[in-house]
Structures are given as structure tokens and as C-alpha cells.
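Heads up, the thing below is written out as C-alpha cells.
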Amino acid sequence: MLPRENRITDKKDFDEVRNKGRLVQSDSFAFGFIDNNAGTPSRFSFIVSTKISKKATLRNRVKRAMREGVRQNLTYIKKGIDGVFLAKTSILNKPTPEIMKEVGEIIVSSKINA
């Protein structure tokens, strides 16, 4: 489970990532992020809308897989990053290990790793 200190919960933080951040596309999701250089712990959020699936169990499975992918790579991510993962419909067809691997790849390709 991703520690509470590494989660984005405020709407103003979502808006800041949306307005000022960079967006990197993957096959299964988009990743928007901003480097706030505050020296604070990196924080992430995961959005899987009802457009992806009407079933909460499927949406929650996707969120858990993406969270676990971030948790495993958290030591490699530099401090002060705020990131938002936005799921695409193609993510439903992928198994959990593949989603976690793709999260790791997007972290490396977006150059937020330390």
C-alpha cells in the first residue's frame, strides 16, 4: 500500500498538475506530473473514471496495480514530484504485473527518477 504521505488528496494539487505539469502518454494511461522542488515526499494520485468501467471492482483493481507499481519504484523517484495517473480503457485487458511494469517504465521515461 502506498503510504499516506505519498498521496495527493487536495483539489488544488490536482489543478496544479493539470495546469502547470507535463503529460506523458503510455498505452494504458497518461501520466501528468510537476516537479515542485519543495524537498517534500513525492505524491501521486490515480484516476480511473466510470467511463473506463462501470464496475467498481475493475476500477479498484487497476488503481491497486498502479499504486503498487509506484510503491515499488518510490525509492528511485526524486523528492518533490506530484504526479497523476489517468487510466485509459485499454488498461482493463492487462494483467496486474504488466500494469506495474508499465508504471515503472513511464517513471523512467519521464525522467523523474533520481
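By convention here, the first residue in the shown sequence is residue 1.
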TODO: Quick one: closest heavy-atom pair of Ile91 and Ala87, and the distance?
DONE: CG2-CB, 4.1 Å

Open item on the list: Taking transitive links into account, so neighbours of neighbours count too, which hydrophobic residues share a cluster with Leu23 at under 4.5 Å side-chain distance?
Closed with: none

Acceptor/donor pairs from residues 51-58 side chains to any protein atom, 3.5 angstrom cut, sequence neighbours excluded:
| unit_1 | atom_1 | unit_2 | atom_2 | d |
| --- | --- | --- | --- | --- |
| Ser53 | OG | Lys55 | N | 3.1 |

- [ ] Locate the shortest heavy-atom distance separating Gly80 from Ser42; write the atom from each residue and the value.
- [x] N-OG, 3.6 Å

Task: For Ile34, the rest of its hydrophobic cluster, which grows through side-chain links under 4.5 angstrom - done: Ile8, Phe14, Val17, Ile47, Val84, Leu86

TODO: Scan for side-chain hydrogen bond (donor to acceptor under 3.5 Å, both in side chains) pairs involving residues 11-25, sequence neighbours excluded, and state none if there are none.
DONE: Lys11-Asp15, Asp13-Arg43, Gln25-Lys88

- [ ] For Arg59 and Thr50, indicate whether the former's side chain and the latter's backbone hold a donor-acceptor pair under 3.5 Å.
- [x] no

Open item on the list: If the condition is side-chain hydrogen bond (donor to acceptor under 3.5 Å, both in side chains), which residues does Glu98 pass it with, not counting sequence neighbours?
Closed with: none

Open item on the list: I'd like to check the ring-ring contact (aromatic ring centres under 6.0 Å, His included) partners of Phe46; sequence neighbours left out, ordered by chain and number.
Closed with: Phe85

Task: For the student: nearest non-hydrogen atoms of Ala65 and Ile99, plus distance - done: CB-CG2, 3.8 Å

Open item on the list: Under the rule for side-chain hydrogen bond (donor to acceptor under 3.5 Å, both in side chains), what residues qualify as partners of Lys94, not counting sequence neighbours?
Closed with: Ser28, Glu102

TODO: Go through the structure and list residues passing side chain to side chain contact (heavy atoms under 4.5 Å, CB included) with Asp35, not counting sequence neighbours.
DONE: Asn37, Lys78, Ile81

Open item on the list: For Met100 and Gln72: C-alpha separation, side-chain torsions, deciding distance, then whether side chain to side chain contact (heavy atoms under 4.5 Å, CB included) applies.
Closed with: CA-CA 9 Å; Met100 291 167 42; Gln72 288 181 351; 3.4 Å; yes

Task: With sequence neighbours excluded, residues passing salt bridge (Lys or Arg N to Asp or Glu O under 4.0 Å) with Arg71 - done: Glu68

- [ ] Give every residue pair that meets the ring-ring contact (aromatic ring centres under 6.0 Å, His included) criterion with at least one member in residues 50-71, sequence neighbours excluded.
- [x] none

Task: Test side-chain hydrogen bond (donor to acceptor under 3.5 Å, both in side chains) applied to Asn36 - qualifying residues, sequence neighbours left out - done: Asp82

Task: Shortest non-hydrogen contact between Ser90 and Asp27, atoms and distance - done: OG-O, 2.8 Å

Task: Nearest heavy-atom neighbours spanning Phe31 and Ser110 - done: CE2-OG, 3.9 Å

TODO: Could you check Val48 against Phe29 for side chain to side chain contact (heavy atoms under 4.5 Å, CB included), going step by step and ending with a plain yes or no?
DONE: CA-CA 9 Å; Val48 184; Phe29 52 83; over 6 Å; no

Open item on the list: Are the side chains of Val24 and Phe33 in contact, using a 4.5 Å heavy-atom criterion?
Closed with: yes

Task: Contacts of type side chain to side chain contact (heavy atoms under 4.5 Å, CB included), residue Pro41, not counting sequence neighbours - done: Glu5, Asn6

TODO: Group every Ile, Leu, Val, Met, Phe, Trp and Tyr by side-chain heavy-atom contacts under 4.5 Å, then state whether Met66 and Ile77 land in the same group.
DONE: yes

TODO: Could you walk me through whether Thr96 and Val62 pass the side chain to side chain contact (heavy atoms under 4.5 Å, CB included) test, one step at a time?
DONE: CA-CA 8 Å; Thr96 299; Val62 169; over 6 Å; no

